[in-house]
Protein chains: 2
Amino acid sequence: MAVTIRDVARLANASPAAVSATLNGSRTKGIRVGDATRQRIRDAAAQIGYVPHAVAKSLATGRSQVIGLMLPYTDAFFDKNPFCQEAMNGILREVVAAHYNAMLYTAVEESGDPHTSPSRIAEVDSRVDGMVLVMPPRHGEIIRRCQTIGMPFVSLLRPFEDGGLTVNADDYRGSCLAAEHLLSLGHRRIVHLSGNEDAVTTAPRKQGYCDTMTAAGYEPWVINAGFDWSGGQAVMERLLDLPPAQRPTAVFAANDLCAEGAMRAIKARGRTIPDDIAIVGFDDTWFATMTQPALTTVRMPIPEMGALAARMLIDLLDGKTDFPEQVVLPVSLTVRQSCGANAAPAAPLPFNEEKS
Amino acid sequence: MAVTIRDVARLANASPAAVSATLNGSRTKGIRVGDATRQRIRDAAAQIGYVPHAVAKSLATGRSQVIGLMLPYTDAFFDKNPFCQEAMNGILREVVAAHYNAMLYTAVEESGDPHTSPSRIAEVDSRVDGMVLVMPPRHGEIIRRCQTIGMPFVSLLRPFEDGGLTVNADDYRGSCLAAEHLLSLGHRRIVHLSGNEDAVTTAPRKQGYCDTMTAAGYEPWVINAGFDWSGGQAVMERLLDLPPAQRPTAVFAANDLCAEGAMRAIKARGRTIPDDIAIVGFDDTWFATMTQPALTTVRMPIPEMGALAARMLIDLLDGKTDFPEQVVLPVSLTVRQSCGANAAPAAPLPFNEEKS
DNA sequence: TCGGCATGATAAACCGGTTCATCAAAGTCG
DNA sequence: CGACTTTGATGAACCGGTTTATCATGCCGA
């Protein structure tokens, strides 16, 4: 049923070798094809609708032109968090542009079933030329597997210590920006809702906040809330139970989602944002514009980070070696309404704006 | 470097055929292996860490255990709309459970570059056993390609007329539910913001609304706004310019995103939802719980639809044939605050309603 | 006229699995 | 005991490409 290279060869009165060389451009090694034959082959291929068999080609060449995407498969990330979506978007842009394809792998959190999970990791197999690892759980295990079978990989959002090429954002600096911003608005009792303990971003985000607070002469105040919004909500509810004098006047959440949870708790108590409590998030995913009020948040260039990781992997596969092992992309602060720095449209105070 | 089946055979003092039969369970046809040999082979394989070469296996068997996912690659869908994310989530759940893998394809809206797009479609190739088409643009073209090369496929959210197996939700019925609900709340001037003209869901959603309104003796009122939130916002702004007596008292948007846009416009004018204008959306993606107030919307079981589509494809690949060509899943109305039917509780509880 | 060389082309050996056809040995039955 | 079946095992031919090694030819200069 399928039309093979030998069919084309027969029709064009040529050899399979000549067909292969012709259809793959002239980058073939030892095979020379004359112009006349070349033309006959092209015509024949077009005539019978020849399409190369990608699997056979892959077996013969040892390259598949496919890169694997390893994503976490938990509600908090894959399902509900726009982060993965945006990262994937950036990755795919590069992958498609480089004429590669993407194969999806999902890493499960816990290997309760000792059969399933190792087998899924084992599937880091001959079908892909390399891997982009988007902060999968059990990252070390996966990396070790890649290393033992010689699979090239680039990690997105993972600690350098695990080895390999990594792309990260400057979490520490981002936290400094957020804390400095809130301090500059006059806040003193600023609480930081920190993220999942096992995430690589949690420690530097915590540290940046703590260092900034301490340097300014104020007490750091950290409560773990996780990356999910329910965590932010639960923690915020407890904080609102405190007597007013001990209550925070500002919240710096580890995450946009967590910030949203906190905002819900605040609004549910009839408090207003940013007047009663100011909020700053982290990530600047697309839905940070959708909260009420719109969320002031630290901007990570997520799609760009994904694109860069993919680009690095593809370069690596093409034999390039002259790039840094660890890339840290800069972050910035996107100021919207939730922090109170921007006057709300209903009550503008245009004369108070100060540049500094 | 790589360890092959022949290495295992040599070490175990057996033939490649025996190794293949042993490691693939006993579902092999003509090859019989004794218990002793079987054990030797298992030991040998474990000892030298044999991992089957998926590409070679694929070439030999003609099956790759990979299914292709064709997704639209436009901002409105892939980037900003949780729909694709949720559908993908459902699809992946089934794919992984069936020990398949997923390969990602992106369909671009317009083939401005005549080179890129056909080649991407041509990549519906030997690497996948079947395709799940998630409402890709230029659907007909892709389907035709699948049909000519005999690639099995299942479509998600596409017209029956294009042929093949399809999974849809009952858009028409959903619109009826929404319109009936608003009518029952006493609304008469209900405007429907309709979706992208080229989307398959647009017509039935429009129709359900119109039929319900007409049947109740009221004038249908449809304005095209598209699926993006900016469209909803722009249209709503124009509507708010109308004199109060002509202004709609309720909006039924084709989409949660579109509904959010409309809500923004309303809130920006200082109007309140649902007291001044009631809102109902469509889809019930996760962020419908995040709007302020929480959005009343028609629930499509998106992950379930994705899972079903994947399940159908896998069944098809396994040779089953006894299922309907066209599946239409039921929809329901999720009543939250934006329609005014629920007295707005001060404390929203939307976090727990993930299961239904 | 002959060696050297560039050109055009091909047969055959891979890549790493699966599976068909064949065969030896052992067990079963009349 | 001979015929027949079952069990255990294997060599070799696939799958559809790529690539190496080899060869035939024509052209050049000496």
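Residue numbers start from 1 in every chain, and the chains themselves are labelled A, B, ... in the order their sequence lines are given, proteins ahead of strands.
The phosphate of dT18(C) has OP1 or OP2 within less than 4.0 Å of a side-chain N or O from Ser20(B). A sub-4.0 Å separation between OP1 or OP2 of dG16(C) and a side-chain N or O of Tyr50(B) is absent. Contact annotation: Lys57(A) reaches the phosphate of dT18(D) (side-chain N/O to OP1 or OP2, under 4.0 Å). Checking the phosphate oxygens (OP1, OP2) of dT7(D), a side-chain nitrogen or oxygen of Arg32(B) falls inside 4.0 Å.
Residue Ala56(B) places its side chain closer to dG17(C) than to any other of dT18(D), dT18(C), dG17(C). Which of dA9(D), dT18(C), dC15(C) sits closest to the side chain of Ala60(A) comes down to dC15(C). You'll find that the side chain of Leu59(B) is closest to dC15(D), out of dT7(D), dT10(D), dC15(D). Taking the side chain of Ala17(A) as heavy atoms from C-beta on, and the options dG17(C), dT10(D), dA11(C), the nearest nucleotide is dA11(C). Considering only the side chain of Ile31(B), dC20(C) comes nearest among dT18(C), dT10(C), dC20(C). Relative to the side chain of Ser15(B), the nucleotides dT10(C), dT7(C), dG11(D) differ in distance, and dG11(D) lies closest.
Among the heavy atoms of the strands, none lies under 4.0 Å from Ala54(A). Asp35(B) comes within 4.0 angstrom of no nucleic acid atom, judged by non-hydrogen atoms across all strands. Heavy atoms of Thr37(B) sit under 4.0 angstrom from primed sugar atoms or phosphate atoms, though from no base atom.
His53(B) places its NE2 atom 15 Å from the C1' atom of dT18(C), with the value rounded to the nearest Å. Atom CG of Asp7(A) and atom C1' of dG17(D) are 13 Å apart (whole Å). If you take CD1 of Ile5(A) and P of dC15(D), they are 14 Å apart, rounded to a whole angstrom. The distance from atom CZ of Arg10(B) to atom P of dG16(C) is 12 Å, rounded to the nearest whole Å. Whole-Å rounding puts the Ile48(B) CD1 to dG16(C) P distance at 13 Å. Counting to the nearest Å, the P atom of dT18(C) and the CG atom of Leu23(B) are 8 Å from each other. Between Arg38(A) atom CZ and dT10(C) atom P the separation is 13 Å, expressed in whole Å.
Nearest-nucleotide positions on DNA chain D for Thr61(B) and Ala14(B) put Ala14(B) closer to the 5' end. Residue order along DNA chain C, read from the 5' end via each residue's closest nucleotide, puts Val33(A) first among Arg6(A) and Val33(A).
Defined by atom type and a distance below 3.5 Å, a donor-acceptor pair is present between the side-chain atoms of Gln39(A) and Asp43(A).
For the pair Asp129(B) (side chain) and Gln65(B) (backbone), a donor-acceptor distance under 3.5 Å is present.
Between Leu156(A) and Gly306(A) the shortest heavy-atom distance is CD2-CA, 4.0 Å. When all heavy atoms of Met88(B) and Leu71(B) are compared, the pair lying nearest together is SD-CD1, 3.6 Å.
A salt bridge links Asp7(A) with Arg10(A): the closest approach of a Lys/Arg side-chain nitrogen to an acidic carboxylate oxygen falls below 4.0 angstrom.
Between Arg127(B) and Ser64(B), every side-chain heavy-atom pair lies at or beyond the 4.5 Å cut-off.
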